[in-house]
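Right, one structure below, let's go through it.
Numbers restart at 1 for each chain; the letters A, B, ... are given by sequence-line order, proteins then strands.
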Number of protein chains: 2
Amino acid sequence: MAKLQKSIDKRNALVKATIELVNNNGFHATPMSKIAKMAKVSPATIYLYFENKQDLVNQTYIDVKAEYTKYAFANYDPTMPIKEGFEMIWKRIADFKLKECEYAMFLAQCDNTPMIDEESRQEGIKHLQPLLDLWERGKKEGVIKPISDYILYAYAINPLSFLMMTQKSGAFTLDKTHLEEAYQSAWSSIKMCK
Amino acid sequence: MAKLQKSIDKRNALVKATIELVNNNGFHATPMSKIAKMAKVSPATIYLYFENKQDLVNQTYIDVKAEYTKYAFANYDPTMPIKEGFEMIWKRIADFKLKECEYAMFLAQCDNTPMIDEESRQEGIKHLQPLLDLWERGKKEGVIKPISDYILYAYAINPLSFLMMTQKSGAFTLDKTHLEEAYQSAWSSIKMCK
DNA sequence: AAAAAAAGAATGAACATTCATTTTTAACAT
DNA sequence: ATGTTAAAAATGAATGTTCATTCTTTTTTT
């Protein structure tokens, strides 16, 4: 196998192990030694790929955030009508949060903790732009409520994080019907009332 | 001062220090020694009040969750009409999350991390019953959408956590108008459409 | 003066990171 | 193709620190 590919594989294994261990034990209880073991690598090797533990977790965060937004906008096209475009993005995000549960949980933990450096946090936000653009357009057309993007995100997207967490905790399972109800709630909360 | 009161004060100081340090540094970076120092107490004294670090953080979680729900339902009366009752509870919760930011942040961190024992987590949920009862009644009366409580919570209440976090991060400030918009979004997402 | 509470220092374990070697890679010569 | 070798990558075992917890002594309470 090519040298480069081996390096990439090893880095990916480290990132994956970090996600899994942080999800299950929390940042405070995932030592480098365990990450190394799970990635089948010596502890010392981690330091060939990352500066230190903080750098490892920062980079993991950015990687996962990039996955998330790539997935969210994969089949979105900025020329779509507002309602259709929103539904498409929303359903992709829902898919991601419920199917790529590991990723979504990791993000939830990072986003509610002082675990990630401010700089990496900023880096992670950038990729959300297409959604903000869609809302901008929707407001102009009078389809979307003319309120802060933060409020729109809080109501249209963030609830999915909560639902993902309760689903993960086993408290209940979102089926197709629930998902449709959730979508309707999301849309109701941001669309202009007639 | 009475012995009992002194004990209570000391315990409260420890709980308060825990909240503050965990909020600012994360669980992984708040050693017992710092908690002790901030509470103006010897590290050894912590162990007179709590079994160990895990117990300290569990109890802190339960304390804060109790504060939260006490505040939320302080002036709610189960005989109120649905819409009015919901508005009252919602606004109290909003108040709490935005004014008692320290508490709310701590809860957000606990709720998205494996930092708290499952048992304490269950304990914390209990106090939310009045809201679930209100929804139950609302569904019977055809005022509230007949969907899972988890989905109702995800849309009606949880967005406030997100807004609290962005407000805390300094990204934007919720003023009275925003709050009213947010309330309308919350209500829109759970009320039956006519 | 006995009991309870609190303190500071001590203990031992766990951890992030680095160090000294070993193993692997790949460019080149045969 | 195969052997040679220098550089790169990887390793396991240190290292020194930090931390939760406990121990012994001192202070406070009753």
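Regarding B/D55, its CG atom lies at a distance of 15 Å from the P atom of D/dA20, rounded to whole Å. Put simply, CZ on A/F50 is 15 Å from C1' on D/dA10, counting in whole angstrom units. Rounded to whole Å, the distance from NZ on B/K53 to C1' on C/dA13 is 15 Å.
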Dump every N/O contact between nucleotides 24-27 of chain D and the protein below 3.5 Å, one line per pair.
none

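Salt-bridge check for B/K83 with B/E87: failed, with every basic side-chain N at 4.0 Å or more from each acidic carboxylate O.
Of the residues in residues 28-48 of chain A, those with a non-hydrogen atom less than 4.0 angstrom from any atom of DNA chain D are A/V41, A/S42, A/A44, A/T45, A/L48.
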- Query: Does the pair B/D111 and B/K65 meet the rule for a salt bridge (Lys or Arg N to Asp or Glu O under 4.0 Å), with working shown?
  - Reply: CA-CA 11 Å; B/D111 286 333; B/K65 201 81 172 191; 3.3 Å; yes
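Here OH of B/Y76 is found 7.0 Å from CG of B/D133. Values are rounded to the nearest 0.5 Å. To the nearest 0.5 Å, the span separating CG on B/D149 from CG on B/L132 amounts to 5.0 Å.
Residue B/M115 is not grouped with residue B/I125 when hydrophobic side chains (ILVMFWY) are merged at heavy-atom distances under 4.5 angstrom, including chains of intermediate members.
A/Y68 has its ring centre no less than 6.0 Å from the ring centre of A/Y103. Checked against the 6.0 Å centroid threshold, A/Y150 and B/H178 do not count as a close aromatic pair.
Heavy atoms of B/Y49 sit under 4.0 angstrom from primed sugar atoms or phosphate atoms, though from no base atom.
In this structure a side-chain-to-backbone donor-acceptor pair under 3.5 Å is present from B/R121 to B/C110.
At least one side-chain nitrogen or oxygen of A/K10 sits closer than 4.0 Å to the OP1 or OP2 atom of D/dA10.
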